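Some notes on the structure that comes next.
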There are 2 protein chains.
Amino acid sequence: MSPAQKPKTSAKGLETRDRIVDVAVRFIARNGARGTSLADIAAEAGVSQTGLLYHFRSKEALLNAVMDRHLAFSEQWLWGEGPDPGIKIVDIIAKHMASWPSQHDSKVASLLGMNTVVLGENVSPDTELHQRLVDGYRTTIDRVTATLRSAQERGEMREDIDPQLKAMEIIAFCSGIEAAWLVDPNIPVAAAAAQWAAQQTRQLATGPATS
Amino acid sequence: MSPAQKPKTSAKGLETRDRIVDVAVRFIARNGARGTSLADIAAEAGVSQTGLLYHFRSKEALLNAVMDRHLAFSEQWLWGEGPDPGIKIVDIIAKHMASWPSQHDSKVASLLGMNTVVLGENVSPDTELHQRLVDGYRTTIDRVTATLRSAQERGEMREDIDPQLKAMEIIAFCSGIEAAWLVDPNIPVAAAAAQWAAQQTRQLATGPATS
DNA sequence: ACAAACCGACTGAGCACTCGGTAACCTCTG
DNA sequence: CAGAGGTTACCGAGTGCTCAGTCGGTTTGT
């Protein structure tokens, strides 16, 4: 009846389902969605491909689940703690980036990079998944923009900076760093993020002229 | 004898070859390397798939040619005019970004984003192509680092900024903006780049304390 | 006994790549 | 200058492989 049919069931089946998504995330982060076959994922997750397709009725359904996972994750990342971080958002981002290397495989590729870089490839521009991608991107920009704008209104942030452009810049930096990290995990993400955040904070803040 | 065999020939065949690469670039920018079939490219270029494979003996060979094209292009971009731009490099980048929308399909996706975001996906980590990608990335970081360092030595740039981290930041921004633009061509790349460059220049320069 | 949670074997489409041609052009020779 | 021979630049028809998705089963928990 309802467009999204609940399988009406739950048990350790949910556990399997989750495990499949876990594995899918790892594979996709490495080889991209198009470079990852259901057989690969199923084998690594310890089920048959048919078993996988029992839980997700198509590859696109699985990709949507992966997308869900990451939207939720980056939601938690950016807005999970505290209300309206203002320009502190750059510090929050930097803090999370500092923990990338340790999280390596499991929860990695989490912010926007995953979606844009890795998932985006898969999808031809007319799929629902692609639309979710674009929407998610826009939404994040909008929210960061709003955050910065409110910071301006509270007098925490310089007036001569356009919030939307700044938001785009912040997000570009995040996904760019993540792309770099996917190419070469050895790059010092944490250090780069730390310097970036320090300078951003200094730059954005309505500082006194004392240098 | 030599590892790279010259086909020894040249004519309007080279023209066809070039046209194929042109088309390949466009398709890859849209759908990624894995999402683009040789049949697609061949049809759009007005040759048969066999004809395409006459000029490039495999898909990987074609991708290498695309890579060549873009390495040369971004080389020209960043270091084509004048010697050692110093911190002016951010202005050079911004200037080129301002012309993205007009170049749209033809020469676009040129800096690092193309390689990282779009090509990188295709390639499993053990291919020669992937190595070229990683190398190109590192090389660019190194060159930007060197540029910034020399700017520091000439006293054009603040001393308390780490050149390598800054280089990574610059490149992350570029590829991030490009990724964003690939997702949604409507974003105001030029404006974002302009604001970014202005602030970067102000931030990097050894300015007087007068605010 | 009924559904949830799987499995093995199959199918059909899409893909990179091969094979056996053909037409146009250049070059060397009688 | 004819024309034989070679090379370049293609084409159409395959071929085999990979992959998403199907079908008909079996087991297990309730």
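Since this is a predicted model, take the numbers as computed values, not measurements. Note on naming: letters A, B, ... go to the chains in the order of the sequence lines (proteins, then strands), and numbering restarts at 1 for each one.
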Under 3.5 Å side-chain donor-acceptor pair for A:Q203 and A:K166: yes

Contact check, side chains of A:I20 and A:F56, non-hydrogen atoms, under 4.5 Å: yes

Between P of D:dC19 and CG of A:N31, the distance in whole Å: 11 Å

Rounded distance [0.5 Å steps], CH2 in B:W196 versus CG in B:D91: 8.5 Å

d(NZ, A:K12; P, D:dT28) in whole Å: 10 Å

Among D:dC23, D:dG21, D:dG12, the nucleotide that comes nearest once only the side chain of A:T50 is considered: D:dC23

Any A:H55 side-chain nitrogen or oxygen under 4.0 Å from OP1 or OP2 of C:dC6: yes

Sugar-phosphate only, base, or nothing, as touched by A:S37 at under 4.0 Å among non-hydrogen atoms: sugar-phosphate

Sugar-phosphate, base or nothing in reach of A:L53, heavy atoms under 4.0 Å: base

A:L38 side-chain proximity, nearest of D:dA20, C:dC6, C:dA16: D:dA20

Any B:Y54 side-chain nitrogen or oxygen under 4.0 Å from OP1 or OP2 of D:dC10: no

Separation of atom CD in B:Q49 from atom P in C:dC17, rounded to whole Å: 9 Å

Any donor-acceptor pair under 3.5 Å from B:R17 side chain to B:H55 backbone: yes

Interatomic distance, B:R34 CZ vs C:dA16 P [rounded to whole Å]: 11 Å

Atom pair distance, as rounded to whole Å: CG in B:D18 and C1' in D:dA9: 16 Å

Whole angstrom value for the distance that separates P of D:dC23 from CZ of A:R57: 15 Å

Nucleotide D:dG12, atom P - distance to CG of B:L52 in whole Å: 14 Å

From B:R132, B:K59, B:R69, residue fulfilling side chain to side chain donor-acceptor pair (under 3.5 Å) relative to B:N64: B:R132

Minimum-distance nucleotide (side-chain atoms of B:K59 versus C:dC17, C:dC7, D:dG12): C:dC17

Rounded interatomic separation in angstrom, taking CD1 from A:I41 and C1' from D:dG21: 14 Å

